[in-house]
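Written out below as C-alpha cells is the structure these notes cover.
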Amino acid sequence: MSKLKAVESRILQCIKNRFSAQYVSLPGQNKIWTLTVSPELQDKTPLVMVHGFGGGIGLWIQNLDHLSSRRTLHAFDLLGFGRSSRPNFPSDPEGAEEQFVSSIEQWREQMGIRNMILLGHSLGGFLAASYSIKFPERVKHLILVDPWGFPAMPTDPSEIRSPPTWVKALAAVLGRSNPLAVVRAAGPWGPGLVQRFRPDLKRKFQEYFEDDTIMEYIYHCNAQTPSGESAFKTMMERFGWAKRPMMSRINQIPKELPITFIYGAETWIDSSSGERVKEERSGSCVKSLAIKGASHHVYADQPGMFNSVVEDICDAVD
C-alpha cells in the first residue's frame with residue numbers, strides 16, 4: 001500500500017485546482033479512499049466519478065481539473081479496489097453487487113452529499129446504474145461511460161463480439177483464477193507485465209507522464225489482496241458479461257431520472273445498449289453518443305471531447 005500511496009501522490013501532484021484526499025470511514029470497519037477537487041464550489045450539484053475494474057482515482061487525472069472548474073468533484077476508490085478497504089464480499093452475484101451499492105450509499109451519507117451527478121465507467125457504470133435503481137432520489141443525472149454488464153450474454157456464439165487481444169490473453173493465462181492473479185504472481189515484474197498486456201495505457205497518459213507512472217499505479221492498485229476483483233469474478237460470466245445483466249432492470253430507474261450513455265466509437269463493449277434503453281424508456285430523457293477515436297477508456301483516449309461532453313451534461317443540471 002505504501003508504494004501505491006507514493007505513485008498515486010505523483011499523479012495527484014498534477015492537479016491544479018484545490019483538492020484534498022482522505023479516508024472516509026463507513027459504519028463498521030471499512031474505509032473508502034476519497035478525492036475531492038474544488039471543495040469551495042458548493043453552489044452546484046457535485047459530480048461523483050466511479051472508476052472501472054482494476055482502476056482507481058488516479059486514472060481520472062486528465063479529467064479532474066476541467067470537470068471541477070465550476071463545481072465540486074468527488075472520486076473514490078471502490079470498496080475492494082485501489083486504496084480502499086478490501087473486505088470479503090458475498091459469494092453470490094446479487095450479494096456482491098449489493099455490498100458495492102450499499103458502500104456507495106454509506107459513503108454518500110458520511111460525505112453529507114444530498115444529491116449528485118453520478119458518472120460511472122465500465123464496472124463503475126454497472127454499479128452506478130444499480131445504485132440509481134435503489135437510491136434514485138440521490139441522483140440528478142446518471143452518466144454511463146462504456147458501461148459493463150448491460151446486455152445478456154448471447155446464446156448464439158456468432159453474436160458475441162470479440163474482446164481485444166489483451167482480454168483473451170488474460171483469460172487464457174488465468175483460466176479459473178481471479179482476473180488479475182497473473183499480475184500479482186509477477187511480483188516486481190508486474191509493472192512490465194501490465195505494460196506488455198496494455199501498451200496502449202501508457203500512451204493514453206503520455207501528456208502527463210513520459211515514464212512508467214501510470215503502469216506502476218495500475219500494478220500497485222492490483223497487487224494487493226483480491227477483494228473487489230473477487231466480487232467482480234462472482235458477478236461476471238466470461239469477462240464481458242454480467243450474470244445479472246443490467247438491461248433487464250434498467251426500467252426500475254424512475255422515468256424522471258435522465259440517463260446519458262457515452263461510448264468510445266471503437267469500444268469492444270456492446271454499445272447498442274444505449275439505443276435499446278432509449279427505445280425502452282420512451283417519454284424519459286435518455287441520450288446515447290459515441291466519441292470518435294476512443295475505445296473502452298473513453299475518458300483517457302479522448303479526454304478533451306469527453307470532458308466537454310460531461311461538462312455540458314453537468315451545466316444542463318445546474
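By convention here, the first residue in the shown sequence is residue 1.
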Non-hydrogen side-chain atoms of Leu35 and Leu12 separated by less than 4.5 Å: yes

Gap separating the CE atom of Met235 from the CG atom of Leu123, nearest 0.5 angstrom: 5.5 Å

Derivation of the ring pair (Phe, Tyr, Trp, His ring centres under 6.0 Å) call for Phe135 and Tyr131: CA-CA 6 Å; Phe135 304 102; Tyr131 177 90; 5.0 Å; yes

Asp65 side chain vs Lys16 backbone, donor-acceptor pair below 3.5 Å: yes

Cluster check Trp60, Ile313: I/L/V/M/F/W/Y, side chain < 4.5 angstrom: yes

Nearest-0.5 Å distance that lies between atom CD1 in Ile143 and atom CG in Leu47: 6.0 Å

CZ (Arg244) with more than 12 external heavy atoms under 6.0 Å: yes

pair Glu229-Lys233: side-chain heavy atoms closer than 4.5 Å: no

Backbone of Gly264 reached by a side-chain donor or acceptor of Asp301 within 3.5 Å: no

Gap between atom NE2 of His66 and atom OG of Ser308 - 0.5 Å precision: 6.0 Å

CA sep, side-chain torsions, deciding dist, call: Arg18, Val37, side-chain contact (heavy atoms from CB on, under 4.5 Å): CA-CA 6 Å; Arg18 274 181 61 190; Val37 192; over 6 Å; no

Distance (rounded to the nearest 0.5 Å) between Ile57 CD1 and Tyr217 OH: 5.5 Å

N/O donor-acceptor pair under 3.5 Å between Asp212 side chain and Met215 backbone: no

Test item: Gln62 side-chain N/O and Lys204 main-chain N/O as donor-acceptor pair under 3.5 Å: yes

Distance (rounded to the nearest 0.5 Å) between His296 NE2 and Ile269 CD1: 4.5 Å

Interatomic distance, Leu144 atom CG to Ser288 atom OG [nearest 0.5 angstrom]: 9.5 Å

For the student: nearest non-hydrogen atoms of His74 and Pro46, plus distance: CD2-CB, 3.9 Å

Candidate list Phe126, Trp241, Phe261, Tyr263, test ring pair (Phe, Tyr, Trp, His ring centres under 6.0 Å), partner Phe150, passing option: Phe261

Distance-minimising heavy-atom pair for Thr72 and Leu41: OG1-O, 3.0 Å

Residues that Thr234 engages under side chain to side chain donor-acceptor pair (under 3.5 Å), provided they are two or more places apart: none

pair Phe76-Val50: side-chain heavy atoms closer than 4.5 Å: yes

Shortest non-hydrogen separation from Gly56 to Asp77 and the atoms involved: CA-OD1, 3.2 Å

Val7 vs Thr213, side-chain contact (heavy atoms from CB on, under 4.5 Å): CA-CA, chis, key distance, verdict: CA-CA 7 Å; Val7 70; Thr213 296; 3.9 Å; yes

Gln110 side chain reached by Ser25 side chain, heavy atoms, under 4.5 Å: no

His51 side chain vs Leu78 backbone, donor-acceptor pair below 3.5 Å: yes

For Ser130 against Val101, the heavy-atom pair lying closest together: OG-CG2, 3.3 Å

Glu207, CD atom: more than 12 neighbouring heavy atoms under 6.0 Å: no

Stepwise side-chain contact (heavy atoms from CB on, under 4.5 Å) check, Leu67 with Met49: CA-CA 10 Å; Leu67 295 178; Met49 302 179 82; 3.9 Å; yes

Heavy-atom neighbours of Glu94 CD exceed 12 at 6.0 Å: no

Pairwise side-chain contact, Cys14 with Phe209, heavy-atom cut-off 4.5 Å (strictly under): yes

Sidechain N-carboxylate O distance under 4.0 Å for Glu275, Lys287: no

Lys/Arg-Asp/Glu bridge criterion (N-O < 4.0 Å) met for Glu8, Arg83: yes

Validation row: Leu79, Ser85 side chains within 4.5 angstrom (heavy atoms): yes

Any residue meeting side chain to side chain donor-acceptor pair (under 3.5 Å) with Thr34, in chain and number order, not counting sequence neighbours: Trp107

Flag for Thr45-Asp318: side-chain donor and acceptor within less than 3.5 Å: yes

Lys44, NZ: over 12 other non-hydrogen atoms inside 6.0 angstrom: yes

Closest non-hydrogen atom pair, Val286 against Gly274: CG1-O, 4.2 Å

Residues, nucleotides or ligands: over 12 heavy atoms within 6.0 Å of Gln29 CD: no

Side-chain donor-acceptor pair present, Ser68, Asn17, cut-off under 3.5 Å: yes

Side chains of Met111 and Thr36 in contact at under 4.5 Å (non-hydrogen atoms): yes

Asn307 side-chain N/O to Pro303 backbone N/O, donor-acceptor pair under 3.5 Å: yes

Under 3.5 Å: donor-acceptor pair, side chain of Ser102, backbone of Glu98: yes

Pairing of Glu266 and Lys292 as salt bridge, 4.0 angstrom limit: no

Donor-acceptor under 3.5 Å (Gln302 side chain, Tyr299 main chain): no

Arg138: salt bridge (Lys or Arg N to Asp or Glu O under 4.0 Å) partners, not counting sequence neighbours: none

Backbone of Ser103 reached by a side-chain donor or acceptor of Arg108 within 3.5 Å: no

Transitive ILVMFWY side-chain link Met236 to Met247, under 4.5 Å: yes

From CA spacing to verdict: side-chain contact (heavy atoms from CB on, under 4.5 Å), Tyr208, Ile11: CA-CA 9 Å; Tyr208 281 75; Ile11 295 171; over 6 Å; no

Ion pair check, Lys3 and Glu216, cut-off under 4.0 Å: no

Ile133 and Met246, any side-chain heavy atoms less than 4.5 Å apart: yes

Parallel, tilted or perpendicular: rings of His121 and His297 (30°, 60°): tilted

Test log, rule salt bridge (charged side-chain N to carboxylate O under 4.0 Å, His left out), inputs Glu256 and Lys140: CA-CA 9 Å; Glu256 312 81 67; Lys140 283 201 172 176; over 6 Å; no

Test item: Ser122 side-chain N/O and Phe53 main-chain N/O as donor-acceptor pair under 3.5 Å: no

Shortest non-hydrogen separation from Glu137 to Asn115 and the atoms involved: O-CB, 4.1 Å

